[in-house]
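What follows is a single structure, written as structure tokens, with notes after it.
Every chain is numbered from 1, with letters handed out A, B, ... down the list of sequences.
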2 protein chains.
Amino acid sequence: MTTLLKLQMNDNLYLKDPQDTELGQKIVRHSIQLIDELGLEGFTFKKLSVAIESTEASIYRYFENKHKLLVYLITWYWTWMEYKIDFATNNIKDPYERLEKAMKLITEKKCYDNSFPDVDETALQRIVINESEKTYLTKQVDHDNKFGLFKGYKSLCGRIADIVSEINPKYPFSHSLISTCLQAAHQQVFFAEHLPSLTDHKDAHEEVYSRNFEFIHSLVLKAIQK
Amino acid sequence: MTTLLKLQMNDNLYLKDPQDTELGQKIVRHSIQLIDELGLEGFTFKKLSVAIESTEASIYRYFENKHKLLVYLITWYWTWMEYKIDFATNNIKDPYERLEKAMKLITEKKCYDNSFPDVDETALQRIVINESEKTYLTKQVDHDNKFGLFKGYKSLCGRIADIVSEINPKYPFSHSLISTCLQAAHQQVFFAEHLPSLTDHKDAHEEVYSRNFEFIHSLVLKAIQK
DNA sequence: CTTTGCTGATAGTATTACTATTATTTAGTA
DNA sequence: TACTAAATAATAGTAATACTATCAGCAAAG
């Protein structure tokens, strides 16, 4: 059996914690499904309210707008990833091994995690691939950042960059390297599916993830070589 | 004196070539200024029509919608970059030197190019930094791609990847490497300004570009080492 | 038993992203 | 010079979006 867990999220991401009520959980569950299906642009609170058999007004009591809801979902994903990396690298001494584990977790195709019954991680990973950049590529990025909305992503990036610094304390671009790799981890999957000439991952679908791991892992190792 | 040039763009990007008429040029000029100022989300054809002292209906005769207009502007930028790289690497034999030139051109801060009086390249680079991903992160990406809307970007990526292959024909990830770097070239500038903990480029504004060149250039060289 | 808070129901508004129609201006040609 | 065609301006209109506001019913907590 699996332990049911609740990830601690920044208060500013929501007006009312959706993890606390049944309606909130329904909002999360169905918004993942709908954003995955329709894309962020096609997704509206109206459509979501129909899906959850409630009203727009009720959704607005949980999330200020659809942008905040998106940031909430993406942050959940990065927080989950950091938790997984912590869990998997706990008690491992060798930083190379920890780095490899982290890269593997970042790049692998996600499947359903029983600890979080409300979240379809497979669909959420697709949302991360397709929509995550839209969380910060806005005019309100500085405002959102001031309220800590991107803490999840920054924390994950810092965590992995620390492993890099442990391996080679003189490498001057640990944060840039890791933020670039986090980006590449999903961007290359997107390209493989939609714009394949921008990648070298042209094979069967499942193989894209392992090829991408090879690409990113070797990129990092060579970059930080002493 | 400088030669006035016209970049050849894919027909499918517009309904009527804006480079052919005064109104079209005004649309391009003011849309760059307005998108830079308001962001893509805040930008509307209504506001543009006020800026150019014309009407929405007239703009719709040139561009199907604001997404197509954005793709047009971004494609112009990448086509321009490829032209600059061609120009600068012409007659250079050494592929390392050509690669370095290309990386330098990609990462440097752009300033006004007299050959194209209608385009404010400084503002356009900011638009590329803030909005370029939104061109393909949509549900219609496959449809748009079928009509060749991303040819400019793909062509530039392929061009630089060829230099990589010339240096090390055995490196298996030349396209992934270059698409990752093209992305990092603007993403890191964005992070330096808005989310600095995701980079190591925390210095004065102008220096960000040269630090970023160092980061990306060394990343590429180490990655493709034999 | 009452208060509080949550939810649902309903309504309404400003803005957006278009489309359609007609009038006017301009440019090219007979 | 007159005629024609194309481009543009002016105007109007529509469906959908992204909210905001109000109020009533219901359940749980004090």
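- Applying the salt bridge (charged side-chain N to carboxylate O under 4.0 Å, His left out) criterion to B/E82, with sequence neighbours excluded, gives B/R159.
- Partners of A/Y62 by ring-ring contact (aromatic ring centres under 6.0 Å, His included), not counting sequence neighbours: none found.
- For the segment residues 16-27 of chain B, residues with any heavy atom less than 4.0 angstrom from an atom of DNA chain D are, sorted by number, B/K16, B/L23.
- When the salt bridge (charged side-chain N to carboxylate O under 4.0 Å, His left out) test is applied to B/E56, no partner is found at least two apart in sequence or on another chain.
- Between A/Y83 and A/F87, the two ring planes are tilted [angle within 30° to 60°].
- Here the C1' atom of nucleotide D/dA9 and the CD1 atom of B/I59 are 12 Å apart, to the nearest Å.
- Legend: ring-ring contact (aromatic ring centres under 6.0 Å, His included) pairs involving residues 19-58 of chain A, not counting sequence neighbours, sorted by first then second residue: A/F45-A/Y60.
- First and last contacting nucleotides of DNA chain C toward chain B (any atom under 4.0 angstrom from a heavy atom, 5' to 3' order): C/dT16 to C/dA20.
- In terms of modelled atom types and a separation under 3.5 Å, the side chain of B/K154 and the main chain of A/L198 share no donor-acceptor contact.
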Can you pull every protein N or O that's under 3.5 Å from an N or O on nucleotides 12-22 of chain D?
residue: D/dA18; atom: OP1; partner: A/K66; partner atom: NZ; Å: 3.4
residue: D/dC19; atom: O5'; partner: A/Y60; partner atom: OH; Å: 3.0
residue: D/dC19; atom: N4; partner: A/E56; partner atom: OE1; Å: 3.4

**Item:** Protein proximity profile, nucleotides 25-30 of chain D - base contact B, sugar-phosphate-only contact S, no contact -, cut-off 4.0 Å on heavy atoms
**Value:** ------

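- The side chain to side chain donor-acceptor pair (under 3.5 Å) pairs that include a residue from residues 121-130 of chain B are B/D36-B/R126, where partners are two or more places apart or lie in different chains.
- Listed by first and then second residue, the ring-ring contact (aromatic ring centres under 6.0 Å, His included) pairs that reach into residues 122-161 of chain B are A/F190-B/Y136, A/F191-B/Y136, B/W78-B/Y153, B/H143-B/F147, sequence neighbours excluded.
- Annotation: side chain to side chain donor-acceptor pair (under 3.5 Å) contacts involving residues 39-53 of chain A, sequence neighbours excluded, comprise A/E41-A/K134.
- With sequence neighbours excluded, the residues forming a salt bridge (charged side-chain N to carboxylate O under 4.0 Å, His left out) with B/E64 are B/K68, listed by chain and number.
- Note: OH (B/Y62) to C1' (D/dA7) measures 8 Å, nearest angstrom.
- Under the 6.0 Å cut-off for aromatic ring centres, B/Y14 and B/F63 do not qualify, their centroids lying 6.0 Å or more apart.
- With hydrogens and angles ignored, the 3.5 Å screen pairs no side-chain donor or acceptor of B/D144 with any backbone N or O of B/L149.
- The shortest distance between the side-chain N/O atoms of B/S54 and the OP1/OP2 oxygens of D/dT8 is not below 4.0 Å.
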